[in-house]
Amino acid sequence: MNTTESKINFVGRNADGSAHGRPQHSSDDELTQVGPGTPCGEYMRRYWQPFAQSADLNATPKNLRILGEDLVMFRDGQGRAGVLTPRCIHRGTSLFYGKVDEHGIRCCYHGWQFDVEGRCIDQPCEPAGSSFKDRVRQPWYPVQERYGLAFVYMGPPGKKPLLPKWDILENVADDHLVAAIGPSGIGVGGSESEPVVPWNWLQDYENTMDPFHVPILHASFTEVHFHPEMAIMPDVDYKLTALGMHYSAHRTLEDGRDMDRVSPCILPNVRSVPDVRLAAGQSSRVGWVVPMDDANHLCFHAFLTPKAKPGWVQGRGRKWSAMTDEEKQRLPGDYEAQISQGAITLHSEEHLGASDKGIIMLRKLLRQQIRLVQHGGDPVGLVYDAKDVVQTVGSGNFYREVA
Ligand code: FES
Ligand SMILES: [Fe+2]
């Protein structure tokens with residue numbers, strides 16, 4: 001051991017940094033737990049959360065897990081989307097085995113039928129004229145659809161906000177349309193992933209405020225994932241915004257142009273990554289990182305795409321589960337970086353540096369908002385007035401001429 005090393009006090013460790021006897025580490029429950037009644041879970045429930053593509057809702061009931069709750073989703077014969085708790089309020093059979101018609105979903109066991117708002121509209125085994133059905137109700141959540149996505153509101157009924165619109169997805173040019181992707185796809189949930197991303201939502205979401213992994217993981221560690229000039233180490237500013245925060249990563253490109261890459265986190269779990277090929281202008285996508293439970297999440301995106309060639313191609317083109325360990329070691333991406341942090345990363349084990357400023361700010365903001373909700377307040381970004389329904393995304397690659 002040299003003398004310099006011997007004087008360093010490695011935090012919580014032996015003086016020589018040995019792994020032996022290191023303490024048990026823990027996750028930050030306040031930011032990672034999302035079930036009913038948890039501080040973060042109740043915060044998240046104040047916002048509309050996407051849970052499916054509209055096109056995937058039909059007369060076949062499907063299981064759904066969002067914010068630690070098991071639910072069942074379907075679309076009735078009148079086109080209304082429904083999200084109910086799966087356990088039939090009669091005696092607990094799952095509505096996953098139910099049958100859907102134009103009025104709602106009917107339980108397979110004794111035929112109780114519920115509409116999309118949980119009203120019991122038929123009880124074929126009860127005496128004719130019984131009013132029992134009017135005195136029971138299947139627990140349900142409101143659903144609205146926009147941009148090809150279905151959104152659920154799982155918060156307190158009296159505080160339900162309007163479903164926001166996003167400026168970059170409004171007033172769409174005649175030759176473009178808005179399309180939806182999800183569950184998962186794009187980014188860490190790219191084409192290499194399964195629909196379920198098997199780790200805590202925050203690991204994925206806070207990656208959005210980590211501009212310094214871009215020049216390493218995505219541009220120099222192995223191959224260039226998106227664009228070679230992402231290998232330039234950026235000058236980064238972090239700013240609070242009306243809806244959360246953003247980073248602005250400045251680079252002078254090889255052709256002399258200056259570019260600011262502005263990427264926001266719109267609380268609690270919306271992001272809009274600018275074009276990864278560095279195309280100029282506003283981003284064309286809005287994404288949601290939706291917790292299924294503490295150890296899994298789903299990604300959904302709505303994005304602008306040309307009518308002539310609709311779609312989004314990104315990723316390695318192979319499912320992560322189909323790749324060998326050697327392939328993953330040779331070409332690690334966001335998926336490898338995040339899944340290997342663990343199902344819920346151990347925050348007490350981290351050593352955050354100056355380049356983690358965005359992560360630190362984002363966690364602080366989330367913690368403030370979570371505590372605000374805990375104390376009865378309204379978090380940022382909730383819309384209650386139709387005149388405010390269009391929200392500003394504010395992301396993109398913005399080029400400026402050098403004087
Ligand atoms: S358990 Fe559903 S109708 Fe009896
Ligand atoms: Fe990344």
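In each ligand, atom 1 is the first atom listed, and ligand 1 is the first ligand listed. Small disclaimer: the values here were computed from a predicted structure and weren't measured.
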### Message
Tell me whether R146 contacts the main-chain N or O of P164 through its side chain, where contact means a donor paired with an acceptor under 3.5 Å.
### Response
yes
Distance filter < 2.8 Å from atom 2 (Fe) of ligand 1, protein N/O/S hits 2
Exercise for review: For H297 and D204, test the side chains for any donor-to-acceptor distance below 3.5 angstrom and give the result as yes or no.
Suggested key: yes
Between the side chains of R277 and D275, is the shortest nitrogen-to-carboxylate-oxygen separation below 4.0 Å, so that they form an ion pair? no
message: Between Q49 and Y141, is there a side-chain donor-acceptor contact under 3.5 Å, judged purely by atom types and distance?
response: no
Checklist entry - Salt bridge or not for R363 and E350, using N-O below 4.0 Å? => result yes
The ring pair (Phe, Tyr, Trp, His ring centres under 6.0 Å) partners of H250 (sequence neighbours excluded) come to none
Checklist entry - Does W199 use its side chain to pair, donor to acceptor, with the backbone of A343 at less than 3.5 Å? => result no
### Query
Would you say D76's side chain and R80's backbone share a donor-acceptor pair under 3.5 angstrom?
yes
Here the side-chain hydrogen bond (donor to acceptor under 3.5 Å, both in side chains) pairs for residues 94-105, sequence neighbours left out, are D101-Q113
Near the Fe ion (ligand 2), meaning under 2.8 Å, the protein N/O/S atoms are H213 NE2, H218 NE2, D334 OD1, D334 OD2
